[in-house]
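One structure is given here, and the rest of the page talks about it.
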Amino acid sequence: MNLDAPHFELPFFTNLLILLVTARIFGEIFERFKQPAMIGEIIAGIILGPSLLNLIHRTEDIKVISELGIFLLVIIAGLEINIDNILNSLKGRNIIISIMAFFIPIFGGIGVGYYFDQDIMTTMFIGLCVAITALPVSIRILMDLGKIKSEVGQKIISVAIFDDVLALSILGVLLNLKDTDMSAGEVTKAGTISLLKLFIFISLLSLSYLLIKKLLQKGNYIQESLDKLVALLKGKEPLFALFFAFVLLFSTFTESLGLHFIVGAFFAAMLISDTLIGKSNFKAIETTTSNMAMGFLAPIFFAGIGLEFNISSISNIGLLLAVIAVSYLSKIAGGYLGGTLAGLSKRVSLTLGVGLNARGIMELVIANIAYKNGLISTEIFSILVIMGVLTTLTTPLLLKKAFGNSQ
């Protein structure tokens with residue numbers, strides 16, 4: 001199919017209506033089979049887009065809505081993470097699991113890119129997308145299996161948190177390298193500057209965290225001050241507006257440093273907790289953000305990925321199979337080796353590795369950012385989408401079996 005051929009473009013709101021309704025219908029179907037709705041939403045986009053019906057195309061307006069979807073999805077992921085949990089994942093032998101479960105896959109992905117003669121940036125993004133574990137997907141799978149409170153479940157979550165944080169930090173560095181000529185000198189210079197920027201941002205984040213901890217020692221000072229301010233304001237949804245102003249402040253700061261806005265959004269959301277602003281306020285923010293994201297913006301984002309997906313662009317079947325194989329083997333092996341080195345039994349370690357295998361939301365967000373910035377081709381983007389969908393679809397089945405064997 002000639003994707004560059006002229007086509008009739010439907011009005012924007014008609015496109016939006018068809019895309020949203022179709023995405024929600026397919027999302028609902030997958031939910032009923034206990035699979036993430038995002039898989040159905042991506043399939044809806046593939047059906048409506050150039051790959052099949054060629055009815056809807058990813059216009060600039062849809063791209064803007066997709067960007068907002070990314071923004072809210074990353075905030076939801078950040079709200080699910082407590083910084084104390086990250087610090088716990090770095091304590092004792094947990095750090096061994098976290099390191100092995102990230103670096104074995106990233107080097108595996110880089111090895112695949114190198115073997116198939118991909119350019120440096122493409123190779124790095126293959127490695128990064130293979131290395132990531134989608135925290136929201138992992139939480140959902142563990143909840144469905146009733147294992148979220150188990151010891152293995154908690155370790156899966158803490159390692160997934162570590163992976164997401166490290167992956168987004170590396171993303172910020174890679175985006176700073178995109179305008180260099182990729183010579184050793186330029187990469188070293190740009191990489192050093194990027195790491196310095198990241199250090200500045202992490203320093204700000206650490207200072208904010210320490211300040212919050214200090215204020216929490218004074219009791220409910222922040223919660224009480226926030227409640228007074230919200231009561232004083234006469235506008236609608238002042239709590240939500242204040243929360244987003246805080247997140248946007250961090251996002252603006254990261255963008256001014258040359259890092260991607262989602263890095264700031266993710267870390268800003270991590271700083272907010274129910275102990276900081278109160279359970280009712282936290283629940284209100286979480287519910288409103290989730291309603292906006294899951295009800296409207298996220299389905300458009302995932303359907304938009306389907307619109308960009310182009311199966312005919314994949315000519316290198318060997319690369320596709322290698323990326324899929326290394327994504328399964330390296331992630332499961334990383335969790336297994338990390339678990340055994342940390343003193344866990346072989347069966348529990350295998351369960352841990354299997355549980356870390358779902359890519360889902362965060363991998364698709366990173367692949368989408370790389371594609372939009374021209375850092376990976378349509379072929380690589382489509383391969384990474386297939387890998388993300390397959391690992392997300394199969395992990396619940398594999399993890400259920402692994403939990404059964406580890407009893």
Side-chain angles (χ1 to χ4, degrees), residues 36 38-39 41-43 45-46 49-51 58 63 66 69-70 73-74 77 102 105-138 160 163-164 166-168 170-171 174-175 178 260 262 298 301-331 334 356-395:
M38 65 168 211
I39 305 294
E41 291 158 1
I42 292 170
I43 290 171
I46 292 171
S51 289
R58 194 172 163 95
K63 287 177 185 176
S66 293
I70 292 172
L73 283 169
V74 167
F102 186 85
I106 199 170
F107 286 127
I110 289 170
V112 168
Y114 178 78
Y115 180 80
F116 283 91
D117 295 321
Q118 301 297 310
D119 62 70
I120 295 173
M121 196 58 80
T122 298
T123 297
M124 289 302 297
F125 271 102
I126 291 173
L128 194 59
C129 288
V130 167
I132 203 165
T133 293
L135 177 67
V137 174
S138 297
D163 286 0
D164 280 5
L166 195 54
L168 285 175
I170 293 172
L171 172 70
L174 289 178
L175 292 177
K178 68 175 182 176
H260 198 275
I262 71 162
F301 165 65
F302 288 119
I305 285 176
L307 295 179
E308 295 277 16
F309 178 84
N310 181 8
I311 192 70
S312 64
S313 71
I314 303 175
S315 57
N316 195 336
I317 302 301
L319 177 58
L320 169 64
L321 295 175
V323 168
I324 292 171
V326 82
S327 68
Y328 279 88
L329 295 173
S330 65
K331 198 67 176 180
L356 293 169
N357 193 44
R359 301 319 190 283
I361 293 172
M362 297 306 292
E363 184 261 347
L364 293 172
V365 165
I366 288 177
N368 189 68
I369 289 168
Y371 184 56
K372 290 289 151 287
N373 281 274
L375 300 174
I376 58 174
S377 64
T378 304
E379 178 179 30
I380 297 298
F381 175 72
S382 299
I383 286 172
L384 293 176
V385 170
I386 290 173
M387 183 267 283
V389 168
L390 278 178
T391 55
T392 303
L393 276 172
T394 54
T395 295

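These values consider heavy atoms only, across backbone and side chains, with no hydrogens, waters or symmetry-generated copies.
- How far CG of Leu321 is from CD1 of Ile324: 6.0 Å, rounded to the nearest 0.5 Å.
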Open item on the list: Using side chain to side chain contact (heavy atoms under 4.5 Å, CB included), reason through Leu319 and Gln118 one step at a time and then give a plain yes or no.
Closed with: CA-CA 10 Å; Leu319 177 58; Gln118 301 297 310; 3.8 Å; yes

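- Among all heavy-atom pairs drawn from Val112 and Ala322, the shortest one is CG1-CB, 3.9 Å.
- Annotation for Phe381 and Tyr371: closest pair CD1-CB, 3.7 Å, computed over non-hydrogen atoms.
- The ring pair (Phe, Tyr, Trp, His ring centres under 6.0 Å) check on Phe102 picks up nothing, with sequence neighbours excluded.
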Just distance, no hydrogens or angles: give the donor-acceptor pairs under 3.5 Å from side chains in residues 127-136, sequence neighbours left out.
| from | atom 1 | to | atom 2 | distance (Å) |
| --- | --- | --- | --- | --- |
| Thr133 | OG1 | Asp163 | OD2 | 3.3 |
| Thr133 | OG1 | Lys331 | NZ | 3.1 |
| Thr133 | OG1 | Leu356 | O | 2.8 |

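- Remark: of the listed residues Asn368, Ile42, Ile361, Asn368 is the sole one forming a side-chain contact (heavy atoms from CB on, under 4.5 Å) with Phe301.
- Among residues at least two apart or in separate chains, salt bridge (Lys or Arg N to Asp or Glu O under 4.0 Å) pairs with a member in residues 302-324 are Arg58-Glu308, Glu308-Lys372.
- No side-chain donor-acceptor contact under 3.5 Å links Thr122 to the backbone of Ser377.
- Of all the heavy atoms in Asn310 and Ser51, the pair that sits closest is CA-OG, 3.5 Å.
- Here the closest heavy-atom approach between residue Ser327 and residue Thr391 is recorded as OG-CG2, 3.9 Å.
- At least one donor-acceptor pair closer than 3.5 Å links the side chain of Asp119 to the backbone N or O of Met121.
- With sequence neighbours excluded, no residue satisfies ring pair (Phe, Tyr, Trp, His ring centres under 6.0 Å) with Tyr328.
- Smallest separation of non-hydrogen atoms from Glu363 and Gly388: OE1-CA, 3.4 Å.
- Side chain of Ser382 to backbone of Ile311: no donor-acceptor contact under 3.5 angstrom is found.
- With rounding to the nearest 0.5 angstrom, the CD1 atom of Ile262 is 3.5 Å from the CD1 atom of Ile369.
- Evaluation of the side-chain hydrogen bond (donor to acceptor under 3.5 Å, both in side chains) rule for Thr123 yields no partner, not counting sequence neighbours.
- Going from atom CG of Asn373 over to atom CG of Leu171 covers 8.5 Å, rounded to the nearest 0.5 Å.
- Residues passing the side-chain hydrogen bond (donor to acceptor under 3.5 Å, both in side chains) test with Asn316, sequence neighbours excluded: none.
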